[in-house]
Amino acid sequence: MAKQNNVMLNNLIDDERLDSNLLADLKELADNLLLDKSINDAEISITFVGNSKIKELNKTYRDKDEVTDVLSFPIDEELLGEVIISLPRALEQAKDYGHSLRREVGFLMVHGLLHILGYNHKSDADKAEMRKAEEELLEDHGFTR
């Protein structure tokens with residue numbers, strides 16, 4: 001029997017809730033991304049937080065005293081890592097970019113997962129490779145603009 005990945009979604013914001021259909025779609029997108037990258041039997045945690053929490057984490061782990069939209073923390077092969085998304089920042093950016101919250105949260109989650117899997121955007125070539133992977137995954141799974 002094939003082993004499955006365990007994608008855990010956590011919302012640590014009391015006053016902001018994501019639609020259950022969106023959460024199901026995000027879980028499926030994350031699992032499909034892992035399977036596309038030949039990852040099986042791993043756990044990944046996706047956590048939604050407020051701006052103050054993500055700012056605190058950004059300061060603690062990256063020495064940047066500012067709000068960011070997404071952070072990713074690779075752990076190991078079994079517990080692959082954790083992606084932290086600022087839901088208020090995602091709402092702002094969705095409005096600023098003129099697309100849905102679904103698209104924005106999907107993008108941020110994929111971006112964070114790809115970082116955990118070793119992608120980066122340090123050089124122009126790396127950035128182009130990461131953007132291509134992001135857009136293909138989002139498009140293939142219906143997270144369009």
Side-chain angles (χ1 to χ4, degrees), residues 1-14 16-20 22-94 97 99-145:
M1 182 174 188
K3 295 183 178 180
Q4 285 187 292
N5 294 309
N6 184 16
V7 177
M8 298 168 285
L9 296 169
N10 312 294
N11 185 2
L12 301 183
I13 306 173
D14 291 332
E16 297 281 348
R17 291 284 169 218
L18 290 172
D19 176 87
S20 60
L22 175 55
L23 290 172
D25 289 348
L26 289 170
K27 191 171 188 168
E28 182 179 342
L29 174 62
D31 193 47
N32 286 329
L33 184 156
L34 296 174
L35 293 173
D36 287 350
K37 302 298 180 185
S38 299
I39 296 170
N40 294 294
D41 199 29
E43 290 188 20
I44 190 77
S45 176
I46 314 295
T47 302
F48 297 95
V49 299
N51 284 339
S52 61
K53 183 63 176 177
I54 207 159
K55 181 178 180 180
E56 174 190 321
L57 293 169
N58 205 19
K59 173 72 173 151
T60 300
Y61 294 101
R62 297 181 65 228
D63 201 27
K64 294 187 178 193
D65 193 18
E66 61 192 25
V67 174
T68 189
D69 51 7
V70 63
L71 293 169
S72 55
F73 300 98
I75 299 176
D76 61 31
E77 288 181 19
E78 188 175 318
L79 179 55
L80 204 53
E82 183 165 14
V83 175
I84 312 288
I85 298 171
S86 166
L87 190 52
R89 193 60 168 293
L91 286 161
E92 289 171 27
Q93 289 176 178
Y97 298 142
H99 56 240
S100 67
L101 176 63
R102 181 179 194 278
R103 163 64 187 199
E104 187 63 21
V105 172
F107 171 81
L108 294 173
M109 183 187 73
V110 165
H111 186 84
L113 286 170
L114 288 175
H115 273 304
I116 287 172
L117 298 176
Y119 285 75
N120 68 65
H121 39 80
K122 293 178 182 176
S123 72
D124 288 344
D126 291 340
K127 183 177 183 177
E129 179 184 3
M130 188 170 187
R131 282 288 174 251
K132 182 178 181 207
E134 290 164 347
E135 291 303 322
E136 285 175 356
L137 284 160
L138 292 166
E139 184 73 27
D140 289 350
H141 296 93
F143 283 75
T144 58
R145 292 182 191 266

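Along the sequence shown, residues carry numbers from 1.
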Query raised in the report: Do Leu137 and Leu113 come close enough that some side-chain heavy atom pair is under 4.5 Å?
Result: no
Query raised in the report: Can you check whether Val105 reaches Leu87 side chain to side chain, under 4.5 Å on heavy atoms?
Result: yes
Requested in this report: List the atom of Gly50, the atom of Ser86, and the distance in Å for their closest heavy-atom pair.
Outcome: C-OG, 4.3 Å
Requested in this report: Taking the side chain as every heavy atom from C-beta outward, state whether Asn5 and Ile44 have any pair of such atoms under 4.5 Å apart.
Outcome: no
**Report entry** Ala30 versus Val7, closest heavy-atom pair with distance
**Finding:** CB-CG1, 3.8 Å
**Report entry** Nearest non-hydrogen partners of Ser72 and Gly112, listed with the distance
**Finding:** CB-O, 3.4 Å
Query - SB check Lys59 Glu56 (cutoff 4.0 Å) - result: no
Query raised in the report: Which heavy-atom pair separates Tyr119 from Lys37 by the least distance, and what is that distance?
Result: OH-NZ, 2.8 Å
Report summary line: Residues Leu114 and Ala133: closest non-hydrogen pair is CD1-CB, 3.9 Å
**Report entry** Salt bridge Arg103-Glu139, side-chain N to carboxylate O under 4.0 Å
**Finding:** no
**Report entry** Test log, rule side chain to side chain contact (heavy atoms under 4.5 Å, CB included), inputs Asp69 and Ile54
**Finding:** CA-CA 8 Å; Asp69 51 7; Ile54 207 159; over 6 Å; no
Query raised in the report: How many angstroms lie between atom CD1 of Ile46 and atom CD1 of Ile85, to the nearest 0.5 angstrom?
Result: 6.0 Å
**Report entry** Heavy-atom check, side chain of Asn32 versus side chain of Glu28, under 4.5 Å
**Finding:** yes
Query raised in the report: Is there side-chain contact between Leu108 and Arg89, with at least one heavy-atom pair below 4.5 Å?
Result: no
Query raised in the report: Roughly how far apart are Leu34 CG and Asp41 CG, rounded to 0.5 Å?
Result: 11.5 Å
Query raised in the report: More than 12 foreign heavy atoms under 6.0 Å from CG of Asp76: is that the case here?
Result: yes
Report summary line: Hits for ring-ring contact (aromatic ring centres under 6.0 Å, His included) against His111, two or more places apart or cross-chain, chain-then-number order -> Phe107, His115, His121
Query raised in the report: Mind checking what makes salt bridge (Lys or Arg N to Asp or Glu O under 4.0 Å) contact with Glu129, not counting sequence neighbours?
Result: none
Query raised in the report: Side-chain contact, heavy-atom cut-off 4.5 Å: Pro88 with Ile13?
Result: yes
Query raised in the report: How many angstroms lie between CG in Asp31 and CD in Gln4, if you round to the nearest 0.5 Å?
Result: 7.0 Å
Requested in this report: Report the residue from Glu135, Glu134, Glu136 that forms a salt bridge (charged side-chain N to carboxylate O under 4.0 Å, His left out) with Lys132.
Outcome: Glu136
Query raised in the report: Quick one: CD1 on Ile84 to OG on Ser45, what's the gap to the nearest 0.5 Å?
Result: 6.5 Å
Query raised in the report: At their closest point, which heavy atom of Ser123 faces which heavy atom of Asp126, and how far apart are they?
Result: OG-N, 3.0 Å
Query - Asn58 side-chain N/O to Asp65 backbone N/O, donor-acceptor pair under 3.5 Å - result: no
**Report entry** Separation of Asn11 CG from Leu23 CG (nearest 0.5 Å)
**Finding:** 7.5 Å
Query raised in the report: Quick one: ring-ring contact (aromatic ring centres under 6.0 Å, His included) pairs with a partner in residues 124-145, sequence neighbours left out?
Result: none
Query - Spacing of CG belonging to Leu71 relative to OG1 belonging to Thr47, to within rounding of 0.5 Å - result: 11.0 Å
Query raised in the report: Within a strict 4.5 Å, meaning less than it, do heavy atoms of the Phe48 and Leu26 side chains meet?
Result: yes
